[in-house]
Amino acid sequence: MAEPTDQPPSPSSSSATMPPNDPISLIRPRREPFEYGLLPIPKLVFSDPVQTLIPLKDKLLLHSSPSHRINSAAISESLQISLDHSRLVLDTIASVLHSPSDPLLNASPDEIDSVGVDVHDLILFLYIHSYKRLLPRSHKDAAAVADVWPSTSAFDGYLSALSPLQLVRSNSRRLMPSQADEEAHQLSYLQKHISNILSLLAETVEGEGEELLVLSVDRFEHLGFLVQFGDKGSDGIQLSQHAPFFANSDPDMPAAPVPAAQVLDWILQNIASALEQISERASLKENGPSDPDIAMADASTSSVNKTSFTRGPSYIEGISKSSLVKQASDLKGSSVKVLNCHESVIYILAPLRYATIYGCSDTTIVLGAVGKAVRVEHCERVHLVTVSKRVCIANCRECLFFLGVNQRPLIVGDNHKLQVAPYNTFYPQLGDHMSEVGLEAALNRWDEPLALGVVDPHDSLSHPAGVSDVQTESATCLDPDQFTNFLIPNWVSGEFLGSTHCNPFPLPEAYSASLERNQKTLEEVNQILRETPLEENRKRELSSALHVYFKDWLYASGNIRQLYCLQGE
């Protein structure tokens, strides 16, 4: 099959019926590989993916197990990357895989390497490293959001104006691309490259005097790594059941392989139909009576979940100088995006699959249990408290992360003054939520950050020569003397019953000793106050002074706002 060109090939009309224009029946890109699966490792990005990956696939299949699976050692040798990076590849693929029956999804952290990854999934994972993300979009009311946007940092000088963080904070006031724009961009990428992708999955058979590329049902199912029908993959229905040439085939008698050209025509027709539907929806939105964009300066809790889509992740956008609590019943799906929130405290106490935090500043965010991945990007002075399988931090400054993570925190992009610390809170349903999404409290790798490149090859920016191999600034561990527990108030955690009454993650000795010292100091001060002989009027003066200092602290720290907001809900 030919190299991708600027114009996708035109599908023939004879090989398949045009797909219906029904949102549930439309083909969709799987957002997860594009949003959480791209790694800024130069050796994973190929200038000519097909010419590189076809011989690589043959080599991997030759050295794979009978079930076509390979481990991190084989990946390291084949791609000429370190064992740390090859294990990262395995962990990342596991976090974005599509098939619930794949053994890699159900493997414990210690079993991932022995289980390995299917060669065809690895090849697709490597191919999409040629993908370039959309640039952030401009906000329609830049002046209205100027007062809540992160200010220019003292660190603005490194990589000059080409830094992705500085781009987001530029005078154009840029925001994360909309879900419709991202979906259209991903579909257009697939439209351009699907011919090559199919050639990587196809097998060669002898035809009428020539070789013919065909796809079996098993090979076809690997396309589910990149596309699906409906937002949730039609509730677990296999991709092949949507294809007219494989649908309703008997599992005991698999359908015969199909010519790759026929599959190509069918997919291109579906992509064209989906892109047309997105375009029509965008046109209706532009010509509608109201502007759905959220002006951040006036945003309140009513802005939560405002989106032009009825599917996809829940959005919490534009919260400013406020506090917000969301339980599982308040979210419409298993993913959440927290966008452009400032000087706020946000609690999302729910079991999730994915979470994105983007463009926030001076905000404390508490996430429940996230079973797949958390991505934090373009944030300043954010405190994140979360339990997750993995965390990726990109282009952030002066942020502090209290983590309970089963995999090493990933640090990429242009970062400055990041700190990590052990997980420091709990709420009654935390243990149940962790079990629901498959997280283990016995394993916490919060203090093993893995720093990759300062330049992300998947953004759409140009970068100065010589910086592509520069490693990003890693995170440092929080001084144990600065470590404190984070208390989630009872009215935040709600009236739900749960079995978790303490932090499920064991603390390192230095941090537990610091908490014990602080507790002992508090008890000694209380005892001194109780035993000090004071006249009644002096006791009242002392009590009044303590209340004044505490009130001053509430206002200076901004916690008084949280107190009023949460008690008023």
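Keep in mind that this is a model prediction, so the values were computed, not measured. The figures here come from the full heavy-atom set of this structure, side chains too, leaving out hydrogens, waters and symmetry mates.
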Checklist entry - Taking C-beta and beyond as the side chain, do Leu88 and Thr92 meet within less than 4.5 Å on heavy atoms? => result yes
Checklist entry - Is there a side-chain contact between Arg69 and Val115 (heavy atoms, below 4.5 Å)? => result yes
Checklist entry - Quick one: does Ser514's side chain have a donor or acceptor within less than 3.5 Å of a partner on Ser512's backbone? => result no
Item to check | Partner set under ring pair (Phe, Tyr, Trp, His ring centres under 6.0 Å) for Phe505, not counting sequence neighbours | outcome: Tyr423
Checklist entry - Is the side chain of Ser344 donor-acceptor paired with the backbone N or O of Ser322 at a distance under 3.5 Å, no angle test? => result yes
Next on the checklist: Between His129 and Leu39, is there a side-chain heavy-atom distance shorter than 4.5 Å?
Outcome noted: yes
Checklist entry - CG/Leu122 to CD1/Ile70 distance, rounded to the nearest 0.5 angstrom? => result 5.0 Å
Next on the checklist: Closer than 4.0 angstrom, basic N to acidic O: yes or no for Arg408 and Asp84?
Outcome noted: yes
Next on the checklist: Could you check whether any side-chain N or O of Asn395 sits under 3.5 Å from a backbone N or O of Asp414, counting only pairs where one atom can act as donor and the other as acceptor?
Outcome noted: yes
Next on the checklist: Counting neighbours of CD on Glu524 that are heavy atoms of other residues, nucleotides or ligands and sit closer than 6.0 Å, is the number greater than 12?
Outcome noted: yes
Checklist entry - Would you say Ile346 and Leu367 make side-chain contact, with heavy atoms under 4.5 Å? => result no
Item to check | is_close_aromatic(Tyr427, His433), centroid dist under 6.0 Å | outcome: yes
Checklist entry - Hey, mind stepping through Lys43 and Leu79 against side chain to side chain contact (heavy atoms under 4.5 Å, CB included) and telling me if it holds? => result CA-CA 7 Å; Lys43 289 187 176 180; Leu79 297 177; 5.8 Å; no
Checklist outcome for this item: With sequence neighbours left out, the residues meeting ring pair (Phe, Tyr, Trp, His ring centres under 6.0 Å) with Phe225 are none
Checklist entry - Checking Asn444 side chain against Val405 main chain: does a donor-acceptor pair fall under 3.5 Å? => result yes
Next on the checklist: Just to verify, what does Arg538 make a side chain to side chain donor-acceptor pair (under 3.5 Å) with, not counting sequence neighbours?
Outcome noted: Glu541
Item to check | Over all atoms of both residues, closest heavy-atom pair of Thr500 and Cys502 | outcome: CG2-O, 3.3 Å
Checklist entry - Does Glu111 have any salt bridge (Lys or Arg N to Asp or Glu O under 4.0 Å) partners at least two apart in sequence or in another chain, and if so, which? => result none
Next on the checklist: Distance alone, cut at 3.5 Å: any donor-acceptor contact between the side chains of Gln527 and Glu523?
Outcome noted: no
Checklist entry - Would you find a donor on one side and an acceptor on the other, under 3.5 Å apart, between the side chain of Ser76 and the backbone of Ser72? => result no
Item to check | Closest approach of Pro100 to Asn106 (non-hydrogen atoms, all atoms of both residues) | outcome: O-ND2, 3.8 Å
Checklist entry - Can you tell me how far the CG atom of Asp432 sits from the OG atom of Ser499, to the nearest 0.5 Å? => result 4.5 Å
Checklist entry - After noting the C-alpha distance and the side-chain angles of Val374 and Arg390, does the key distance pass the side chain to side chain contact (heavy atoms under 4.5 Å, CB included) rule? => result CA-CA 6 Å; Val374 175; Arg390 67 198 310 261; over 6 Å; no
Item to check | Worked verdict on Leu105 versus Lys372 for side chain to side chain contact (heavy atoms under 4.5 Å, CB included) | outcome: CA-CA 10 Å; Leu105 282 181; Lys372 296 293 185 180; 3.2 Å; yes
Item to check | ring pair (Phe, Tyr, Trp, His ring centres under 6.0 Å) against His98, all qualifying residues, sequence neighbours excluded | outcome: none
Item to check | Check: Pro508 and Pro422 side chains under 4.5 Å, non-hydrogen atoms | outcome: yes
Item to check | Atom pair OG/CZ of Ser388 and Phe401 - distance to nearest 0.5 Å | outcome: 12.0 Å
Checklist entry - Is a side-chain N or O of Tyr354 found less than 3.5 angstrom from the main chain of Ser95, in a donor-acceptor match? => result yes
Checklist entry - Is there a donor-acceptor pair closer than 3.5 Å between any side-chain N or O of Asn485 and the backbone N or O of Thr425? => result no
Next on the checklist: Give me the atom names and distance for the closest heavy-atom approach of Pro351 to Val437.
Outcome noted: CB-CG1, 3.9 Å
Item to check | Residues forming a ring pair (Phe, Tyr, Trp, His ring centres under 6.0 Å) with Tyr511, sequence neighbours excluded | outcome: Trp446, Phe483
Next on the checklist: Show, in sequence, the C-alpha distance, side-chain angles and deciding distance for Asn415 and Arg397, and conclude whether the side chain to side chain contact (heavy atoms under 4.5 Å, CB included) test is met.
Outcome noted: CA-CA 6 Å; Asn415 300 282; Arg397 305 190 180 200; over 6 Å; no
Next on the checklist: What I'd like to find out is whether the side chain of Val376 reaches to under 4.5 Å of the side chain of Cys396, using heavy atoms alone.
Outcome noted: yes
Checklist entry - Do Phe486 and Phe402 have ring centroids that are under 6.0 Å from one another? => result no
Checklist entry - Ser474 side chain to Ala451 main-chain N or O, any donor-acceptor pair under 3.5 Å? => result no
Checklist entry - With respect to Lys337, which candidate in Glu35, Glu377, Glu317 satisfies the salt bridge (charged side-chain N to carboxylate O under 4.0 Å, His left out) definition? => result Glu35
Checklist entry - Say you draw a straight line from SG of Cys341 to CG of Leu324; how long is it, rounded to the nearest 0.5 Å? => result 8.0 Å
Checklist entry - What distance separates Cys360 SG from Ile316 CD1, expressed to the nearest 0.5 Å? => result 9.5 Å
Checklist entry - Quick check: does any side chain N or O of Gln407 sit under 3.5 Å from a backbone N or O of Val391, one acting as donor and the other as acceptor? => result no
Checklist entry - For residues Ser99 and Ser101, is any side-chain donor paired with an opposing acceptor at under 3.5 Å? => result yes
Checklist entry - Between Cys399 and Arg381, what is the shortest heavy-atom contact and its length? => result SG-N, 3.7 Å
Item to check | Closest heavy-atom pair and its distance - Gly359, His342 | outcome: O-CE1, 3.2 Å
Checklist entry - Taking atom CG of Leu384 and atom CD1 of Ile365, what is their separation to the nearest 0.5 Å? => result 6.5 Å
Checklist entry - Is a donor on one side and an acceptor on the other found under 3.5 Å between the side chain of Ser543 and the backbone of Arg540? => result no
Next on the checklist: Could you check whether any side-chain heavy atom of Val345 comes within less than 4.5 Å of a side-chain heavy atom of Thr363, counting everything from C-beta outward?
Outcome noted: no
Checklist entry - Any salt bridge between Lys389 and Asp91, counting N to O under 4.0 Å? => result no
Next on the checklist: Which heavy atom of Leu90 sits nearest to which heavy atom of Gly116, and what is that distance?
Outcome noted: CD2-C, 4.1 Å
Item to check | Heavy-atom side-chain proximity of Val385 to Asn424 below 4.5 angstrom | outcome: yes
